[in-house]
Amino acid sequence: MFKLHFLKKLHTLRIFIIILTIAIISTIPAFLHGTFKLSFDGNIHLSRYESIFQAFQHGSLPTLVNFIGMNHTGLSMNGMYPWVTSIIFVIPRFFINQPIIALMIGFIILNFITIFNTFLLAKFITNKRSVQILGIAIYQFSSYHMSVLYSRNAMGEAIAYAFLPLVLLGCLKIWENPKNTGWILLGFGMAAIANSHVISLIIASAMVFILIFLRLINQKLSSTELFTYLKAIILAVCASLYSLINIFSIATSNFLINPTPKILPIIPSKLLPILLDNSIIERANSFNIGPINTLLLFIFVILLFTSQHKGRWRGWIIATTILFFCTFSWIPWNILINTPVQLIQFLGRLLFVVSLLLSISVMYYLDENKLPENKFKYFISLSLMIVSLSAVYNYHGINLNDGPRFWLTKNNYQKIITHSSIGLDYLPSKNESQRKQRISDFRHATKLKLSPIKQYYNRATYQITVPSQGKYQLPIAIYSGISYIVKVNDKTIDNISGSSLKTHLNKGKNNIAIKALVNPLNYITFLISILSWLYGFVLIYLYHTKNCQRKH
């Protein structure tokens, strides 16, 4: 008994070391020579993480508005972009003095979570180790994943990418037996995505809804299974209540200037050169899953027509193919402009689902069909890793004309994040009719030479020089539903209202201090979210313990 227990522990440790090693290898090429190539979006996210880090240092939740960077305008990025799962980038800051090293550790943790969740899914699909590794490689080393991580630095989407396998695993376990832990995994996966990235939540929700609908069409959806989905929804909502309430309260209390809605498809003629060049450059019209994954997809499309017409892999590869071609400009997507579809912005986002569906298809096929040569599977896995990381290495080492980029080092880290720029995303306005005027006024106000003096997680101080005494509209956002304390020349200003700060200024130099307060409701919803996660973990532990007792 002791020997069996020891072997299980050793096996678990070996898997942990393998996953950690792959996670480290997946990260190092982006941090060579002590630098990191930071994108426009990444610059914004690091500014957010600095405010979250400072808030935790002071034993507080972060405010929903940001005073560090962001063009120093107090935009509500913490409120509109969920931050809870982003603590994987914040926690290393408490133990490591150099922020760029802490950032690298955060990426290693994120890659570890992605690989681990994919391993859990692969382990459920097949017991063949070589097939599991290939399935992990297809998802982890997708070129789109590397682009999200290292050229776009879309941190929220990257974290959502890490938890999508948990969503599919939850669905598969529910289909196998609605009374097992599938609903908890599904709930956790959806909650983690909700706590990371709203658009990914919409895509994942649509995917689950389609799967449930297909179960209904095929007469496989029982009342027990339907009740299981309901439990998963309740768990997901409770575990992400903090993030959902914040987004809902800000969006309903203010008229926001949202990021420009659009539908940008992948253009095949633009895709082919990028695919052949093995590039992860940030261009929405040529996002791709990588040359090897694309080749695998076409091979399996051919197998659909040449192999035996049976096997679970067929349904998954059909879904993969349909979704893959739906991202192309061949389809007249322009007819869906001004519909909810345009919230996706660019159809390349769907490639994170395509990568996972392809991984599942390949694993099911190799599990259902006996292919004796495991060395070939390992070779494909290794090739995927080498090709993908080569793209990261090449991207990191050259200057490209692909938008604003910042070479982040330990010496310029603080300077870059405190001067991060952003457009007018989520800027509060009065109404739709005044939207354009609001944008014009805000841009005009930036000519007033408003200079930030100090920036903190919940407050900022500014200095401004005006030619004459009078009332001025300043480029500092004010959100309804958020409490502020404003002082102008050490005098507290009452009745703060409107969508931007309007105040009386003296001729010459003026000092302005603004502070945002955390709503006490935030602590309640945050506690509910934490307790929901703990409740789910306890249920999984009890279920696992009960299963172990049955086996013995």
* Asked: Any side-chain hydrogen bond (donor to acceptor under 3.5 Å, both in side chains) pairs touching residues 263-275, not counting sequence neighbours?
  -> none

* **All ring-ring contact (aromatic ring centres under 6.0 Å, His included) counterparts of Tyr413, not counting sequence neighbours** => none

* For Asp277 and Ser279, indicate whether the former's side chain and the latter's backbone hold a donor-acceptor pair under 3.5 Å. => no

* Can you tell me how far CZ of Phe324 sits from CG of Leu351, rounded to the nearest 0.5 angstrom? -> 7.0 Å

* Crowding at CG, Asn97 (>12 non-hydrogen neighbours, <6.0 Å) -> no

* To do: Over 60° means perpendicular and under 30° means parallel, so classify the ring planes of Phe36 and Phe31, tilted if in between.
  => parallel

* Kindly give the heavy-atom pair with the smallest separation between Leu75 and Met70, and that separation in Å. => CD1-O, 4.5 Å

* Asked: Hey, would you say the Trp316 and Phe300 ring centroids sit under 6.0 Å apart?
  -> no

* Asked: Under 3.5 Å, is there a donor-acceptor pair linking the side chains of Thr35 and Thr409?
  -> no

* Asked: How about Trp533 and Phe188: are their ring centroids closer than 6.0 Å?
  -> yes

* Carboxylate-amine/guanidinium contact Glu282 Arg405, below 4.0 Å -> yes

* Where do Ile263 and Gln345 land on the side-chain contact (heavy atoms from CB on, under 4.5 Å) test, with the steps shown first? -> CA-CA 5 Å; Ile263 305 176; Gln345 297 180 317; over 6 Å; no

* Ring-ring centroid check Phe40 Phe406, cutoff 6.0 Å -> no

* Asked: For the residue pair Phe325 and Phe328, does the interplanar ring angle fall in the parallel (under 30°), tilted (30 to 60°) or perpendicular (over 60°) class?
  -> perpendicular

* To do: Report yes or no: does Lys128 contribute a side-chain atom to a donor-acceptor pair with the main-chain N or O of Leu366 at less than 3.5 Å?
  => yes

* To do: Output, in order, the C-alpha distance, side-chain angles, deciding distance and verdict of side-chain contact (heavy atoms from CB on, under 4.5 Å) for Arg215 and Trp175.
  => CA-CA 9 Å; Arg215 296 279 292 176; Trp175 300 346; 3.5 Å; yes

* To do: Evaluate the ring planes of Tyr49 and Phe89, with Trp represented by its six-membered ring, and classify them as parallel (under 30°), tilted (30 to 60°) or perpendicular (over 60°).
  => parallel

* **Tyr365-Trp313 aromatic ring centre distance below 6.0 Å** => yes

* **Geometric cation-pi criterion Lys37 and Tyr395, 6.0 Å radius, 45° cone** => yes

* Say whether, by atom type as modelled, one donor and one acceptor occur between the side chain of Trp330 and the main chain of Ile267 under 3.5 angstrom. => no

* To do: Indicate whether the side chain of Asn153 and that of Asp41 have a donor and an acceptor atom separated by less than 3.5 Å.
  => no

* Test item: Ile317 and Leu297 side chains (from C-beta on) under 4.5 Å apart, heavy atoms -> yes

* Is any side-chain heavy atom of Phe107 closer than 4.5 Å to a side-chain heavy atom of Leu149? -> yes

* Structure fact -> d(His396 NE2, Ile280 CD1) to nearest 0.5 Å is 10.5 Å

* Decide yes or no for Ile203 and Val353: does some side-chain heavy atom of the first lie under 4.5 Å from some side-chain heavy atom of the second? => yes

* Asked: Do the numbers put Arg14 on top of the ring of Phe16, so that NZ or CZ is under 6.0 Å from the six-membered ring centre and no more than 45° off the axis?
  -> no

* Asked: Are the side chain of Ser47 and the backbone N or O of Ile417 linked by a donor-acceptor pair below 3.5 Å?
  -> yes

* To do: Without swapping roles, check the side chain of Ser51 against the backbone of Tyr457 for a donor-acceptor pair under 3.5 Å.
  => no

* Asked: Just checking, any donor-acceptor pair under 3.5 angstrom between side chains of Asn111 and Thr27?
  -> yes

* Between Gly34 and Ile100, what is the shortest heavy-atom contact and its length? -> O-CD1, 3.4 Å

* To do: Please examine the side chains of Lys410 and Ile101, heavy atoms only from C-beta on, and report whether any two atoms are closer than 4.5 Å.
  => no

* Check whether any side-chain heavy atom of Val198 sits under 4.5 Å from a side-chain heavy atom of Met80, and report yes or no. => no

* Looking at Gly182 and Ile174, what are the two nearest heavy atoms and their distance? -> C-CG1, 3.7 Å

* Structure fact -> Taken to the nearest 0.5 Å, the spacing of Leu241 CG from Ser532 OG works out to 7.5 Å

* Asked: So Leu168 and Leu211, side-chain contact (heavy atoms from CB on, under 4.5 Å) or not? Walk me through it.
  -> CA-CA 10 Å; Leu168 263 297; Leu211 290 174; 4.2 Å; yes

* Asked: Hey, is the main chain of Lys415 close enough, under 3.5 Å, to the side chain of His419 for a donor-acceptor pair?
  -> yes

* To do: For atom OH of Tyr393, decide whether the heavy atoms of other residues, nucleotides or ligands shown that lie under 6.0 angstrom number more than 12.
  => no

* Flag, side chain of Asn180 to backbone of Asn177, donor-acceptor distance under 3.5 Å -> yes

* **Leu347 to Cys326 - nearest heavy-atom pair and separation** => CD1-O, 3.8 Å

* Can you tell me how far the CZ atom of Phe119 sits from the CD1 atom of Ile18, to the nearest 0.5 Å? -> 8.5 Å

* Between Asn195 and Ser240: side-chain donor-acceptor atoms closer than 3.5 Å -> no

* Does Ile266 reach the side chain of Ser286, with side-chain heavy atoms less than 4.5 Å apart? -> no

* Ile184 side, atom CD1; Leu166 side, atom CG - distance, nearest 0.5 Å -> 11.0 Å

* Pair Lys377-Ile133, side-chain contact (heavy atoms from CB on, under 4.5 Å): steps then yes or no -> CA-CA 8 Å; Lys377 301 167 195 171; Ile133 292 174; over 6 Å; no

* To do: Calculate, to the nearest 0.5 Å, the distance between atoms NZ and CG belonging to Lys173 and Leu121 respectively.
  => 11.0 Å

* Specify whether Phe56 and Phe94 have parallel, tilted or perpendicular ring planes, treating 30° as the upper limit for parallel and 60° as the lower limit for perpendicular. => parallel

* To do: Return the orientation label for the His145 and Tyr161 ring planes: parallel under 30°, perpendicular over 60°, tilted otherwise.
  => parallel

* Going through the checks in order, is the ring-ring contact (aromatic ring centres under 6.0 Å, His included) test met by Phe346 and Phe287? -> CA-CA 10 Å; Phe346 52 89; Phe287 284 137; 5.5 Å; yes

* Asked: Under a 4.5 Å cut-off applied to non-hydrogen side-chain atoms, are Leu186 and Tyr229 in contact?
  -> yes

* Taking the side chain as every heavy atom from C-beta outward, state whether Pro291 and Leu295 have any pair of such atoms under 4.5 Å apart. => no

* Would you say Asn334 has more than 12 foreign heavy atoms packed within less than 6.0 Å of its CG? -> yes

* Short side-chain to backbone donor-acceptor contact, Ser39 and Arg152, under 3.5 Å -> yes

* To do: Verify, without hydrogens or angle tests, whether Ser361 (side chain) and Leu357 (backbone) share a donor-acceptor contact under 3.5 angstrom.
  => yes

* **Nearest atoms (heavy-atom pairs only) where Ile105 meets Pro92** => CG2-CG, 4.0 Å

* **Short side-chain to backbone donor-acceptor contact, Asn78 and Asn66, under 3.5 Å** => no

* Quick one: closest heavy-atom pair of His197 and Pro82, and the distance? => N-CG, 4.3 Å

